[in-house]
Amino acid sequence: HPIEQLKTAFAMCGGTSPGKLLVEDWKPYGSMYWVPNYIDSERYLSVPKPPKDPDWITILYGSSMSHVPSFTDSGIEPALANVFKKRKNVRFVLCGDERVFQRLPVPENRKRYQRYVRAHEWPKILAQADITLAPLARLYDHRRSDLKCAEAATMGIPIIATRSVVYEDYEKAGVGLY
């Protein structure tokens, strides 16, 4: 069975993961080490801040195909619907999976879709945000890395994230809203 093969492989060579819980999951089968994601801070800090429109607050979410359930099952959709009902000066930018964009409970004239971008282009997209999001929902999500918080903190962008072991170091440091 593939899981048994994986356990045997870990017993022989061990592994690394940027997800703390994933390391704990696999420690019984071999040497596992937590290695946080590396932030190339120069790539993030060298991005010029785009001019902000004082009449708008831009919420941005960057997603991949694996983030769809994170978004749909986290409770962020009804929360966003409430924000958009109460605040007429909020707009949403989604960079990534178009399926999330189609589900957004946001008026069409207050949302924008940005296709996936290469890693070196991402800081320029993130710089557009006044607020960014990091929702988590499934057991898989709690095994992710803290990359979203690291990126937001590096660029000085407020983040709203799901409370999780993934982001606990940032929460303890007072970075973000959970």
Side-chain angles (χ1 to χ4, degrees), residues 15-23 33-72 74 76-77 79-80 83-84 87 89-101 104 106 110-138 140-178:
T16 64
S17 173
K20 291 178 182 178
L21 284 180
L22 201 54
V23 167
Y33 302 94
W34 176 63
V35 179
N37 274 329
Y38 169 75
I39 294 290
D40 181 0
S41 57
E42 185 56 35
R43 192 173 62 174
Y44 288 83
L45 296 173
S46 66
V47 172
K49 297 283 185 196
K52 298 289 184 179
D53 185 335
D55 297 328
W56 288 98
I57 296 169
T58 302
I59 298 174
L60 183 135
Y61 179 54
S63 72
S64 69
M65 292 177 70
S66 70
H67 287 97
V68 173
S70 309
F71 191 87
T72 60
S74 66
I76 193 75
E77 289 176 311
L80 284 172
V83 167
F84 278 84
R87 307 272 186 228
N89 65 332
V90 176
R91 61 185 169 196
F92 194 92
V93 175
L94 173 90
C95 180
D97 197 308
E98 195 168 10
R99 293 174 294 174
V100 170
F101 184 77
L104 283 170
V106 175
R110 293 168 59 195
K111 66 181 182 177
R112 181 172 61 86
Y113 175 67
Q114 167 68 55
R115 295 173 54 97
Y116 289 107
V117 295
R118 294 175 193 257
H120 70 276
E121 298 169 298
W122 170 241
K124 183 178 170 186
I125 302 300
L126 184 58
Q128 299 172 26
D130 295 303
I131 300 168
T132 189
L133 302 175
L136 304 173
R138 306 167 298 156
Y140 172 84
D141 290 336
H142 295 282
R143 282 148 177 83
R144 291 184 182 279
S145 76
D146 64 358
L147 186 60
K148 287 189 181 299
C149 281
E151 291 171 330
T154 300
M155 293 190 76
I157 298 169
I159 188 166
I160 299 171
T162 302
R163 179 170 280 128
S164 171
V165 68
V166 174
Y167 304 131
E168 72 183 352
D169 292 340
Y170 288 89
E171 184 176 9
K172 286 176 186 173
V175 176
L177 179 62
Y178 300 84

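Sequential numbering from 1 along the given sequence is applied to the chain's residues. These values consider heavy atoms only, across backbone and side chains, with no hydrogens, waters or symmetry-generated copies.
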side-chain contact (heavy atoms from CB on, under 4.5 Å) assessment of Cys95 paired with Val117: CA-CA 8 Å; Cys95 180; Val117 295; 4.2 Å; yes
Passes side-chain contact (heavy atoms from CB on, under 4.5 Å), Arg87 versus Ile59? Steps please. CA-CA 12 Å; Arg87 307 272 186 228; Ile59 298 174; over 6 Å; no
Working for side-chain contact (heavy atoms from CB on, under 4.5 Å), residues Arg110 and Phe92: CA-CA 6 Å; Arg110 293 168 59 195; Phe92 194 92; over 6 Å; no
Starting from the C-alpha separation in whole Å, work towards a yes-or-no answer on side-chain contact (heavy atoms from CB on, under 4.5 Å) for Leu147 and Ile39. CA-CA 8 Å; Leu147 186 60; Ile39 294 290; 3.3 Å; yes
Working for side chain to side chain donor-acceptor pair (under 3.5 Å), residues Asp141 and Ser70: CA-CA 7 Å; Asp141 290 336; Ser70 309; 2.8 Å; yes
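Classified by interplanar angle (parallel below 30°, tilted 30° to 60°, perpendicular above 60°), the ring pair Phe101/Tyr113 is tilted.
One distance of note links OG1 of Thr72 with CZ of Arg99; it measures 9.5 Å at 0.5 Å rounding. Atom-to-atom distance recorded for Cys149:SG and Ile157:CD1 is 12.0 Å, nearest 0.5 angstrom. If you take NZ on Lys111 and CG on Leu104, they are separated by 5.0 Å, rounding to the nearest 0.5 Å. Of the inter-residue distances, the one linking Lys20 atom NZ with Asp169 atom CG reads 3.5 Å to the nearest 0.5 angstrom. Asp97 CG to Tyr116 OH: the interatomic distance, rounded to the nearest 0.5 Å, is 4.0 Å. Here the CG atom belonging to Asn89 is positioned 8.0 Å from the CG atom belonging to Asp55, to the nearest 0.5 angstrom.
A distance-only check finds no donor-acceptor pair linking the side chain of Trp34 to the backbone of Thr16 [under 3.5 Å]. No donor-acceptor pair closer than 3.5 Å links the side chain of Lys148 to the backbone N or O of Ile159.
Here the side chains of Leu94 and Ser63 are in contact, with some heavy-atom distance below 4.5 Å.
For the pair His142 and Ser164, the tightest heavy-atom approach, listed with the atom from each and the gap, is ND1-OG, 2.6 Å. Thr154 and Leu45 get closest at one heavy-atom pair: O-CD2, 3.2 Å. For the residue pair Ser74 and Ala137, the shortest heavy atom distance occurs at N-CB, 3.7 Å. In terms of heavy-atom proximity, Pro123 sits nearest to Ala119 at CD-O, 3.4 Å. When all heavy atoms of Val90 and Phe84 are compared, the closest pair comes out as O-CE2, 3.0 Å. Of all non-hydrogen atoms in Arg138 and Pro69, the two that sit nearest each other are NE-CB, 3.3 Å.
Contacts classified as side-chain hydrogen bond (donor to acceptor under 3.5 Å, both in side chains) and involving residues 41-50 (residues at least two apart or in different chains) are given here: Tyr44-Glu151. Each side-chain hydrogen bond (donor to acceptor under 3.5 Å, both in side chains) pair with one or both residues in residues 127-137, not counting sequence neighbours, appears once here: Arg112-Gln128. Counting only residues at least two apart or in different chains, ring pair (Phe, Tyr, Trp, His ring centres under 6.0 Å) contacts with residues 144-178 are absent.
No more than 12 heavy atoms of other residues, nucleotides or ligands sit less than 6.0 Å from atom NZ of Lys124.
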